[in-house]
*Asks:* 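Dropping the structure in here first, questions after.
So that the names make sense, note that chain A is the first sequence line, chain B the second, and so on, each numbered from 1.
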Amino acid sequence: MNKLVVVDQGSGAEVSARIVETEAYRSDDPASHSFNGPTPRSAVMFGPPGVLYVYLSYGIHSCANVVVGADGDGQAVLVRAVVPVDGLQTMRDRRAGRVDTDLANGPGKVCAALAIGLADNGTDLTAPTARIHIVDDGIPPPAHPLVGPRIGITKAIDTPWRFRTPSR
DNA sequence: AAAGAGATGGTCT
DNA sequence: GACCATCTCTTTT
C-alpha cells in the first residue's frame with residue numbers, strides 16, 4: 001500500500017495517485033474470481049505477479065487488481081481507493097460534478113478517474129513500455145492499517161481482508 | 001440524511 | 001439465463 005499508480009494518458013500527459021485502500025483475494029477464497037481455478041477471464045490472476053487484472057463489474061464499472069504471489073497462485077489485490085497526486089485537474093474533468101473526495105473512493109471510480117479499462121487487462125506493470133506502472137516513492141505502507149470486512153461480496157463476508165491507510 | 005432501486009454487460013452454467 | 005469484488009439517481013424521513 002501507499003504506492004503510486006502512474007498512468008500515461010497519451011500525448012505525454014501523466015496522472016498518478018496513491019493507493020490508500022485495498023482488498024485481498026486468493027484462490028482458496030470463495031469470494032475470489034480465482035476460486036474455481038483459471039477461467040478465460042481470471043487467467044491473468046494465475047499468471048506472474050506484477051500484472052494488472054481488470055474486470056467488468058455489474059456490467060458498468062471496471063475494477064483494477066494487481067496480481068501478487070507466485071506464478072500460478074491466483075492471488076490479487078483489488079485497488080479500492082486512491083488519492084490524486086498528479087493530474088488532479090484531469091481527474092476532475094473526467095469526473096465532472098464530483099467533489100475531490102469522491103473522485104476515486106471506490107473501485108469503479110478509481111478506474112474512471114485513472115482511465116483504466118478492460119483493454120488494460122493483462123498489462124505487465126513492470127514493463128518499461130507499459131501504459132500503467134506502480135511506483136514506490138519511498139513512503140512505506142502504514143504500520144497499522146485499518147482492517148475490516150470486504151465490501152460488495154456475497155461469500156466469505158466475515159473474512160476481514162480490506163485494508164485502508166489511517167486518517168484521510 | 002438515509003434508504004432503495006435501476007442500469008448494464010461480460011462471464012460462467 | 002442467472003449472477004455480480006458497483007455507482008448514481010430518486011424517493012422518503
*Asks:* Is there a donor-acceptor contact under 3.5 Å from the side chain of A/Asn121 to the main chain of A/Val54?
*Replies:* yes
*Asks:* Look at all strands and tell whether A/Arg162 reaches a base, only sugar-phosphate, or nothing, counting heavy atoms closer than 4.0 Å.
*Replies:* nothing
*Asks:* Give the rounded distance in Å between these two atoms: CD1 of A/Ile60 and P of B/dT11.
*Replies:* 16 Å
*Asks:* Which is true for A/Asn65 with a 4.0 Å heavy-atom rule: it touches a base, it touches only sugar-phosphate, or it touches nothing?
*Replies:* base
*Asks:* Rounded to whole angstroms, how far apart are NE2 on A/His33 and C1' on B/dC12?
*Replies:* 11 Å
*Asks:* Check the distance between B/dG9's P and A/Asn121's CG and give it to me in whole angstrom.
*Replies:* 18 Å
*Asks:* Return the value, rounded to whole Å, for the distance between atom CG of A/Asn36 and atom C1' of C/dC4.
*Replies:* 14 Å
*Asks:* If you only use heavy atoms from C-beta on, which nucleotide in C/dT8, B/dC12, C/dA5 is closest to the side chain of A/Arg95?
*Replies:* C/dT8
*Asks:* Crowded around A/Arg26 CZ? As in, over 12 foreign heavy atoms under 6.0 Å?
*Replies:* no
*Asks:* For A/Arg41 and C/dC4, what is the distance between atoms CZ and C1' respectively, to the nearest whole Å?
*Replies:* 8 Å
*Asks:* Tell me which nucleotide among C/dA5, C/dC4, C/dT6 gets nearest to the side chain of A/His61.
*Replies:* C/dT6
*Asks:* Choosing from C/dC4, B/dG10, C/dC7, which nucleotide comes nearest the side chain of A/Leu118?
*Replies:* B/dG10
*Asks:* Please evaluate the base of C/dA5 for a donor-acceptor partner in the side chain of A/Tyr58 within a cut-off of under 3.5 Å?
*Replies:* no
*Asks:* Looking only at side-chain atoms of A/Pro107, point me to the closest of C/dT6, B/dC12, C/dC4.
*Replies:* C/dT6
*Asks:* Which nucleotide in the list C/dT6, B/dG10, C/dA5 gets nearest to the side chain of A/Ile151?
*Replies:* C/dT6
*Asks:* Using both distances under 3.5 Å as the test, list the Watson-Crick or G-U wobble partner of B/dT8, or none.
*Replies:* none
*Asks:* Measure from the side-chain N and O atoms of A/Asp93 to the backbone N and O of A/Thr90, and report whether any donor-acceptor pair falls under 3.5 Å.
*Replies:* no
*Asks:* Looking at A/Asp73, is its backbone amide N or carbonyl O close enough to the side chain of A/Ser27 to form a donor-acceptor pair, meaning the two atoms are under 3.5 Å apart?
*Replies:* yes
*Asks:* Could you state the atom-to-atom distance from CD1 of A/Ile153 to C1' of C/dC3 in whole Å?
*Replies:* 15 Å
*Asks:* Atom CG of A/Leu78 to atom P of C/dA5: distance rounded to whole Å?
*Replies:* 11 Å
*Asks:* Using whole Å, what does the distance between atom P of nucleotide B/dT11 and atom CZ of A/Phe35 come to?
*Replies:* 21 Å
*Asks:* Among B/dG9, B/dC12, C/dT6, find the nucleotide with the atom closest to the side chain of A/Leu56.
*Replies:* B/dG9
*Asks:* Please determine, for the side chain of A/Lys109, which listed nucleotide (C/dA5, B/dC12, C/dT8) has the closest atom?
*Replies:* C/dT8
*Asks:* Check whether any side-chain N or O of A/Thr159 sits under 3.5 Å from a backbone N or O of A/Trp161 as a donor-acceptor pair, and report yes or no.
*Replies:* no
*Asks:* With a 3.5 Å distance limit and no angle check, can you tell me whether A/Arg18 reaches the backbone of A/Asn2 through a side-chain donor-acceptor pair?
*Replies:* yes
*Asks:* Look through every strand shown and name the nucleotide pairing with C/dA5 as Watson-Crick or G-U wobble, where both distances are under 3.5 Å.
*Replies:* none
*Asks:* Respond yes when some side-chain nitrogen or oxygen of A/Thr154 is under 4.0 Å from OP1 or OP2 of C/dA5, and no when none is.
*Replies:* yes
